[in-house]
Amino acid sequence: MKKVFLLTLIGLMSVIIAACSQQSAETITNENQQDAVEVKAEDMAGKKVNEFDLTAKETSWKLSAEHTINAWTYNGTVPGEQIRVTEGEVVKVNLTNQLEKPVSIHWHGIPVPNTEDGIPGVTQDAVKPGETYTYAFVASDPGTYWYHSHQNGVEQLDKGLYGTIIVEPKNETNRDRDYTLVLDEWESEKHQEKDTEAMNHSSMSMDSMNKLNQKGSMKGHDMSSYDIFTINGKTYEGNKTLKVKKGDLVKLRFINAGYMAHQIHIPIDYQITHVDGQKVNSPQTMKGSMFEVAPGERVDVEFRADDSKDFSIDRHGEMEASQDMKIDIAYEEGNGQKLKHLSSPGKIDITKLGEQTESQFKTDDEFDVEYELDLGTRMDMDTEMGMVWTINGKTYPNAPPLNIDKGDRVKVTLKNNSMDNSSHPMHLHGHFFQVLSKNGKALSASPIRKDTLNVKPGETYEVAFLADNPGNWLFHCHDLHHASNGMVTLVKYNSFNQFYKDTGEVDNQPE
């Protein structure tokens with residue numbers, strides 16, 4: 001699928017190019033979409049344009065000494081090439097598809113215009129093999145983000161089709177060291193073979209699909225099949241040690257690109273400064289505590305390198321693969337001594353981070369519209385897994401949408417009533433939301449703004465957002481096993497000028 005320049009904007013851009021030494025932005029539409037919504041020229045004109053070429057292709061990738069896979073990659077690495085820009089600049093990405101399947105790019109967490117959201121069947125056709133597609137948007141919100149295919153994501157992310165995007169604040173001093181750590185899990189060849197056999201629908205009996213666990217809940221996807229854990233596409237022995245010097249202010253950006261929540265332990269004093277790229281107000285110092293990064297979430301950590309002892313960052317958990325999700329930090333002029341880890345460090349609750357301050361919303365506010373999303377499950381023998389994950393009892397595309405008007409103050413209550421005892425990291429496209437309450441108790445610490453929130457079994461959260469980005473947006477679970485089996489709905493703006501129409505040329509699979 002190709003994008004073309006609007007003639008009116010070409011004239012405008014030529015004037016800007018003549019006046020400015022830096023590259024200027026184009027307004028782009030899709031040839032095959034009727035009534036295309038253009039990226040506003042006034043939003044992009046005069047801004048620095050950072051242009052990137054990303055090629056989706058198959059690559060032989062070494063996860064560990066024992067395991068090499070045929071990964072799907074952006075530019076040949078897992079994760080793909082990092083995109084790093086400064087707040088207020090334009091990001092222009094030319095995606096070329098050299099795979100045998102259609103792909104896309106979704107900019108996870110960044111409130112891009114709806115035209116650039118990268119959702120096959122909702123905002124665009126997936127990019128067919130051999131074709132090139134261009135995305136362009138202003139990076140208005142600084143923070144830690146990532147990008148990934150949203151075409152059959154449950155398969156394509158599993159194969160490695162993701163990368164990271166960092167938007168630097170324009171009025172903030174850079175840290176001395178800045179490291180991005182992408183967490184993921186993989187299935188070895190032996191488990192892939194077992195999964196293929198197990199998911200043969202003809203061999204599944206009703207009895208096997210109705211098995212109950214000890215708590216009487218239905219069993220969902222068996223995550224134990226993921227027996228290789230990685231940081232930046234490598235197990236422990238394949239990752240280089242992160243170097244620091246005494247006195248350095250060090251930033252660590254954790255991104256979870258997988259389908260499992262990971263408990264991360266750092267055995268020194270540190271601060272959690274951002275969640276999902278959004279600032280925590282006056283973050284407190286954590287004393288070697290453990291924090292969780294759920295699928296789709298990001299956690300930014302900072303510490304001052306003020307000790308001569310090296311240390312390791314690792315994952316805590318019972319699975320054997322946990323030992324591979326580990327990376328060392330060492331002083332450039334250290335003595336080689338290493339800190340020991342606590343066996344049972346304290347756990348951090350994100351709803352208790354930082355200090356209270358003024359926030360956009362409060363629990364007792366009046367909202368223009370309120371919705372309740374019951375996150376559930378039910379048996380369905382017509383599906384490959386024998387089970388579907390539901391929102392208010394329905395699966396996508398039949399789950400009722402959240403209909404809103406531009407300017408609405410929207411409150412959403414998320415309740416996890418799933419019988420399979422699974423967590424649901426719920427991700428809202430195009431917006432940040434503020435977490436108002438957890439299990440009926442209002443947050444009393446820093447306001448927490450996120451785009452992905454992990455709702456664990458039995459938990460209830462209230463969140464709120466301002467309807468300030470018109471479009472049709474997904475709201476879904478980022479355990480993509482759940483999303484691909486139903487746990488997706490839409491946030492739809494009333495009176496929105498629909499720009500996308502399915503051409504029928506591509507098998508669009510938005511999850």
Side-chain angles (χ1 to χ4, degrees), residues 106 108-109 119 146 148-162 182-187 191 195 198-199 213 217-230 254-264 276 292-299 315 317 319 321 325 350 373-380 383-392 394-396 399 414-429 450-459 461 463 474-489 509-511:
H106 165 60
H108 186 115
I119 312 304
W146 61 302
H148 59 81
S149 180
H150 227 289
Q151 166 74 3
N152 188 17
V154 69
E155 176 185 356
Q156 295 192 3
L157 268 72
D158 237 13
K159 291 178 176 290
L161 202 53
Y162 56 77
V182 182
L183 314 178
D184 200 1
E185 59 278 338
W186 310 77
E187 291 180 307
H191 278 291
D195 283 352
M199 297 314 295
N213 65 18
S217 60
M218 295 186 297
K219 287 185 176 181
H221 183 81
D222 182 9
M223 299 302 287
S224 66
S225 64
Y226 289 90
D227 57 340
I228 304 171
F229 290 174
T230 61
F254 292 88
I255 300 173
N256 190 338
Y259 304 147
M260 300 173 63
H262 296 294
Q263 308 292 331
I264 301 300
D276 290 356
E292 180 178 273
V293 192
E297 288 186 328
R298 288 89 64 213
V299 175
R315 180 193 195 271
M319 296 182 69
M325 190 172 279
I350 65 161
L373 301 186
D374 186 304
L375 312 176
T377 49
R378 73 165 186 267
M379 304 300 298
D380 188 336
T383 64
E384 186 179 42
M385 296 183 69
M387 174 188 283
V388 293
W389 284 264
T390 62
I391 295 179
N392 294 339
K394 302 290 185 180
T395 57
Y396 184 78
L414 300 166
K415 293 185 175 182
N416 186 346
N417 293 315
S418 295
M419 290 183 290
D420 67 332
N421 204 36
S422 61
S423 297
H424 300 302
M426 296 300 294
H427 173 49
L428 174 62
H429 289 215
K450 298 179 101 295
D451 55 73
T452 308
L453 179 64
N454 195 28
V455 187
K456 296 181 179 180
E459 288 185 340
Y461 283 93
V463 303
L474 293 190
F475 199 173
H476 67 98
C477 180
H478 223 277
D479 179 338
L480 299 186
H481 300 108
H482 301 164
S484 62
N485 283 276
M487 193 168 277
V488 183
T489 190
Q509 301 178 49
E511 286 297 347

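Numbers here simply count residues along the sequence, with the first being 1.
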* Does a donor on one side chain sit under 3.5 Å from an acceptor on the other, for Asn454 and Glu297? -> no
Grab the two heavy atoms, one from [X] and one from [Y], that are nearest each other, plus how far apart they are.
X: Gly258; Y: Asp184; value: CA-OD1, 3.2 Å
X: Leu157; Y: Ser149; value: CD1-O, 3.1 Å
X: Ala261; Y: Pro295; value: N-CD, 3.8 Å
X: Trp186; Y: Asp158; value: CZ3-O, 3.3 Å
X: His148; Y: His478; value: NE2-NE2, 3.5 Å
X: Trp146; Y: Asn256; value: CZ2-O, 3.8 Å

Which value, rounded to the nearest 0.5 Å, describes the distance between [X] atom [atom1] and [Y] atom [atom2]?
X: Thr390; Y: Leu373; atom1: OG1; atom2: CG; result: 11.0 Å
X: His424; Y: Cys477; atom1: NE2; atom2: SG; result: 6.0 Å
X: Glu185; Y: Arg315; atom1: CD; atom2: CZ; result: 8.0 Å
X: Trp389; Y: His481; atom1: CH2; atom2: NE2; result: 8.5 Å
X: His150; Y: Asn152; atom1: NE2; atom2: CG; result: 11.5 Å
X: Asn416; Y: Asp374; atom1: CG; atom2: CG; result: 8.5 Å

Kindly say whether [Y] contributes a backbone atom to a donor-acceptor pair with the side chain of [X] at under 3.5 angstrom?
X: Tyr259; Y: Val154; result: yes
X: Asp276; Y: Asp451; result: yes
X: Ser418; Y: Asp420; result: no
X: Gln156; Y: Gln151; result: yes

* **side-chain contact (heavy atoms from CB on, under 4.5 Å) between Met487 and Met426, intermediate numbers included** => CA-CA 9 Å; Met487 193 168 277; Met426 296 300 294; 4.2 Å; yes
Less than 4.5 Å apart, any side-chain heavy atom of [X] and any of [Y]?
X: His476; Y: His427; result: yes
X: Tyr396; Y: Glu511; result: no
X: Leu183; Y: Ile264; result: yes
X: Lys450; Y: Ile350; result: yes
X: Pro457; Y: Ser422; result: no
X: Met260; Y: Met319; result: yes
X: Arg298; Y: Thr452; result: yes
X: Tyr162; Y: Ile255; result: no

* Pair Glu292 + Lys456, salt bridge at N-O below 4.0 Å -> yes
* For the ring pair His262 and Phe229, is the centre-to-centre distance below 6.0 Å? ->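 Yes; Phe229 has its ring centre under 6.0 Å from that of His262.
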